[in-house]
Asker: 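Structure provided below as structure tokens; questions to follow.
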Amino acid sequence: MPPDIGPPAPPMAGDPIGGHPTPRRGRRTVGDRWGWGRYARPTMAKAPVLTPQADDFPRWYQDVLAKAELADNGPVRGTMVIRPYGYSLWERMQAEMDARIKDAGAENAYFPLFIPESYLTREAEHVEGFSPELAVVTHAGGKELEEPVVVRPTSETVIGEFMAKWISSHRDLPLLLNQWANVVRWELRTRLFLRTSEFLWQEGHTAHATESDAAAYASRILHDVYRDFMVNVLAMPVLVGRKTRQERFAGATNTLACEAMMGDGKALQMGTSHELGQNFARAFDITFQDANGTQQTAWTTSWGTSTRMMGGLIMCHGDDRGLRVPPRLASTQVVVLAIRDEEGVVPAARLLGEELQALGVRVRVDDRTDVSFGRRATDWELKGVPVRIEVGPRDLANGEVTVVHRMAGEKVQAPIAGLAATVPALLDELQASLLAEATDRLAARTAEVATIDEAREAAATGFARIPWATLGEEGEAALAEHAVTVRCLQMPDGSVPRSEDDPDVLAVVARAY
RNA sequence: CGGGGUGUGGCUCAGCUUGGCAGAGCGCUGCGUUCGGGACGCAGAGGUCGUGGGUUCAAAUCCCGCCACCCCGACCA
């Protein structure tokens, strides 16, 4: 993402879908908890820009999507339009993920959107898992097709077909592929980013000579790619673990996952990594000759993360003022806001922008002085830009600027000379504070419990960890009656269990998106 | 598929009970004043009232059919 700097600033429509003339629920008094009382509205509390989280979290989420210009509903039910600002964040996710995927040795490729229906039916569990949500093309080119084609819900099958073609020797293994693509799953109930009928993702597919190689690679992706990205870039503390039989991917022998806690205490699955055993290799005849000249069946894996992470980002870090984007992810890390067009303000802002850009900071100069200051400040806060530097005549008279941190809302005066050089460290600090805040919440809202009743109760506000031996598949089914599911199984120290039969294994249960 | 609800300018909705000139807020356009926390004034543009039929002198409003969408339950990254 090239930094966007200098004039003229692109148009930023103020209020894309119209305002809400009255607050839907109650009235927000500006929270001193964020340290804003000194600066905020002097007397009467205005209608909140967003529905407060505490009033209606889903409504807040919708408000953020619209007001931060992240996404809109598409014309076909369940589809999504990702707006430029939202897409710029997705592009950053892609860039960071892609680098890690390549570090893990996988190469990008592209497989077709359309898959012969017959492919899907080759793996019994797989077809059973996906058939309810398949979009199938029966007519094309003005006539009925002899064999319907499905719009890919995931690509294990086509890729399996080609792996079989490309692999003949143990020297061809491991085969490590990844693709960035869209997939379609006809969902009954959808929510922007979290569950849409079409979404964007990366899906990795690998083939290995042995079961242990495959397992090790699935684990490597989970830890070195997914968890590393989520913790260090998204500033989201994620739990890693294995899925129960109930929650496992259709066709997998083992599913590993990263689970995160949202601001309302509910869980969101952020990424999965599957060991597919030899299920797909057998179905698609992915075989190779080993060093002894014997024909062997390969072991495959698949792993994916999607635009759902956008929803996770919003719901993990967002507050009543909007989104809060961790600096390492941010497509715009710093916005330099020229307060008004007089006394050299705009040139000073642009100069500061250039200095920051030269330091590698992703900076944007907002010199739209025809738009009121308050409107612009609010817009950038909604978008979650980590640092806003305000440059106005009063500041310049003192050789200063005003630096505002989005995370805690802190506002400080700083000398303009030498300021740029301090920004990278500030961004690191804000990145760490966001991670710390989320980590504290996760710890505070995770309960260690001993009984199923306690687990259910704890899941009302957060996560509960209960011995898997106590819960079991019967307990899992019982909790499901209360919309509480087992998010993953893990060891007491948070590591991934080798087997669900280990007596120390704990089940993490929660309500989930 | 079961239960509930809604279709009226770009957005959110009022008007319907009791038929009588199609409205408001926000957004948009122009001009002016503003500009350090969603600015304000004035002047404008913009609507086949989801759709087909019926009743009536007259239908957004009453009646019947259809369509679409939303919410709550059974599936899912």
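The chains referred to below are lettered A, B, ... by the order of the sequence lines, with proteins before strands, and numbering in each begins at 1. Keep in mind that this is a model prediction, so the values were computed, not measured. Below, each value reflects all heavy atoms present in this structure, side chains not excepted, and no hydrogens, waters or symmetry copies.
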Asker: Could you check how far CZ of A/Arg340 sits from C1' of B/G37, rounded to whole Å?
Answerer: 14 Å
Asker: CD of A/Glu342 versus P of B/C35: gap in Å, rounded?
Answerer: 9 Å
Asker: Does a distance-only test, which skips hydrogens and angles, find a donor-acceptor pair under 3.5 Å between the side chain of A/Asp379 and the base of B/G38?
Answerer: no
Asker: How would you label the contact of A/Thr485 with the nucleic acid (heavy atoms, under 4.0 Å): base, sugar-phosphate, or nothing?
Answerer: nothing
Asker: So which nucleotide does B/C40 pair with, by the Watson-Crick or G-U wobble rule with both distances under 3.5 Å?
Answerer: B/G32
Asker: Please give the distance between the C1' atoms of B/G41 and B/U34 as a whole number of Å.
Answerer: 11 Å
Asker: According to the interplanar angle, ranging from 0 to 90°, do the rings of A/Trp303 and A/Tyr217 count as parallel (below 30°), tilted (30 to 60°) or perpendicular (above 60°)?
Answerer: tilted
Asker: Could you tell me how the ring of A/His126 sits relative to the ring of A/Phe130: parallel (under 30°), tilted (30 to 60°) or perpendicular (over 60°)?
Answerer: perpendicular
Asker: Which part of the nucleic acid does A/Gly304 contact within heavy-atom distance under 4.0 Å: base, sugar-phosphate only, or nothing?
Answerer: nothing
Asker: Could you tell me how far B/G53 sits from B/A59 if I compare only their P atoms? Round to whole Å.
Answerer: 13 Å
Asker: Reckon A/Thr307 touches a base, only the sugar-phosphate, or nothing at all at heavy-atom distances under 4.0 Å?
Answerer: nothing
Asker: I'd like to know if A/Arg388 reaches the base of B/G37 with its side chain such that a donor and an acceptor end up less than 3.5 angstrom apart.
Answerer: yes
Asker: I'd like to know if the side chain of A/Gln202 reaches the main chain of A/Thr305, judged simply by a donor and an acceptor atom lying under 3.5 Å from each other, with no hydrogens or angles considered.
Answerer: yes
Asker: Base, sugar-phosphate, or nothing for A/Asp395, non-hydrogen atoms under 4.0 angstrom?
Answerer: base
Asker: Taking B/C72 as the reference, what is the distance to B/C57 when you measure between their C1' atoms (whole Å, please)?
Answerer: 46 Å
Asker: Does B/A68 have a Watson-Crick or wobble mate here (both distances under 3.5 Å), and if so which one?
Answerer: B/U6
Asker: Start at the 5' end of RNA chain B and walk down; is the nucleotide closest to A/Phe373 or to A/Gln246 reached first?
Answerer: A/Phe373
Asker: Determine whether more than 12 heavy atoms belonging to other residues, nucleotides or ligands lie under 6.0 Å from atom CD of A/Gln413.
Answerer: yes
Asker: Using the C1' atom in both, what is the distance from B/U6 to B/C13, to the nearest Å?
Answerer: 12 Å
Asker: In whole Å, what is the span from the NZ atom of A/Lys67 to the C1' atom of B/G27?
Answerer: 11 Å
Asker: What's the gap between B/U29 and B/G3 when it is taken at their C1' atoms, as a whole Å value?
Answerer: 47 Å
Asker: Looking at A/Arg324, A/Arg388, A/Arg406, which one forms a side-chain hydrogen bond (donor to acceptor under 3.5 Å, both in side chains) with A/Glu381?
Answerer: A/Arg388
Asker: At 4.0 Å (heavy atoms only), tell me whether A/Thr402 reaches a base, stays on the sugar-phosphate, or touches nothing.
Answerer: base
Asker: Identify whether any heavy atom of A/Glu187 sits under 4.0 Å from a base atom; if not, whether one sits that close to sugar-phosphate; answer base, sugar-phosphate or nothing.
Answerer: base
Asker: Using both distances under 3.5 Å as the test, list the Watson-Crick or G-U wobble partner of B/G20, or none.
Answerer: B/C57
Asker: What distance, rounded to whole Å, do you find between the two P atoms, one in B/G15 and one in B/G50?
Answerer: 15 Å
Asker: How close or far is atom P of B/C76 from atom CZ of A/Phe193, stated in whole angstroms?
Answerer: 24 Å
Asker: Sticking with atom C1', work out how far B/G23 lies from B/C49, rounded to a whole angstrom.
Answerer: 12 Å
Asker: Return the 5'-most residue of the pair A/Gly78, A/Arg195 with respect to RNA chain B, ranking by each residue's nearest nucleotide.
Answerer: A/Gly78
Asker: Going by modelled atom types, is there a donor-acceptor pair between the base of B/G37 and the side chain of A/Lys411 at under 3.5 Å?
Answerer: yes
Asker: Consider the side chain of A/Arg189, meaning its heavy atoms from C-beta on, and name the nucleotide among B/G37, B/A74, B/G38 that approaches it most closely.
Answerer: B/A74
Asker: Once you round it to whole Å, what is the distance between P of B/C76 and CZ of A/Arg185?
Answerer: 11 Å
Asker: Report the C-alpha distance between A/Lys243 and A/Glu259 in whole Å, list the side-chain angles of each, state the deciding distance to 0.1 Å, and finish with yes or no for side chain to side chain contact (heavy atoms under 4.5 Å, CB included).
Answerer: CA-CA 11 Å; A/Lys243 288 291 187 182; A/Glu259 295 281 334; 2.7 Å; yes
Asker: Counting any heavy atom closer than 4.0 Å, what does A/Phe249 reach on the DNA or RNA strands: base, sugar-phosphate only, or nothing?
Answerer: nothing
Asker: From CD of A/Glu481 over to P of B/G73, roughly how many Å is that when rounded to an integer?
Answerer: 14 Å
Asker: As a test of reading the structure: which of B/C75, B/G27, B/G36 is closest to the side chain of A/Glu390, going by heavy atoms?
Answerer: B/G36
Asker: Would you mind reading off the distance between A/Leu134 atom CG and B/C75 atom C1', rounded to a whole angstrom?
Answerer: 13 Å
Asker: Distance check, P atoms only: B/G9 and B/U61, in whole angstrom units.
Answerer: 15 Å
Asker: Over how many whole Å does the gap from A/Leu396 atom CG to B/G36 atom P extend?
Answerer: 16 Å
Asker: Indicate yes or no for a side-chain donor-acceptor contact from A/His223 to the backbone of A/Ser219 under 3.5 Å, with no hydrogens or angles considered.
Answerer: yes
Asker: Is it the case that over 12 heavy atoms from other parts of the model lie below 6.0 angstrom from the CH2 atom of A/Trp180?
Answerer: yes
Asker: Return yes if the base of B/G37 and the side-chain atoms of A/Ser372 contain a donor-acceptor N/O pair under 3.5 Å, otherwise no.
Answerer: no
Asker: Over all strands shown, is A/Leu194 touching base, sugar-phosphate only, or nothing at heavy-atom distances under 4.0 angstrom?
Answerer: base
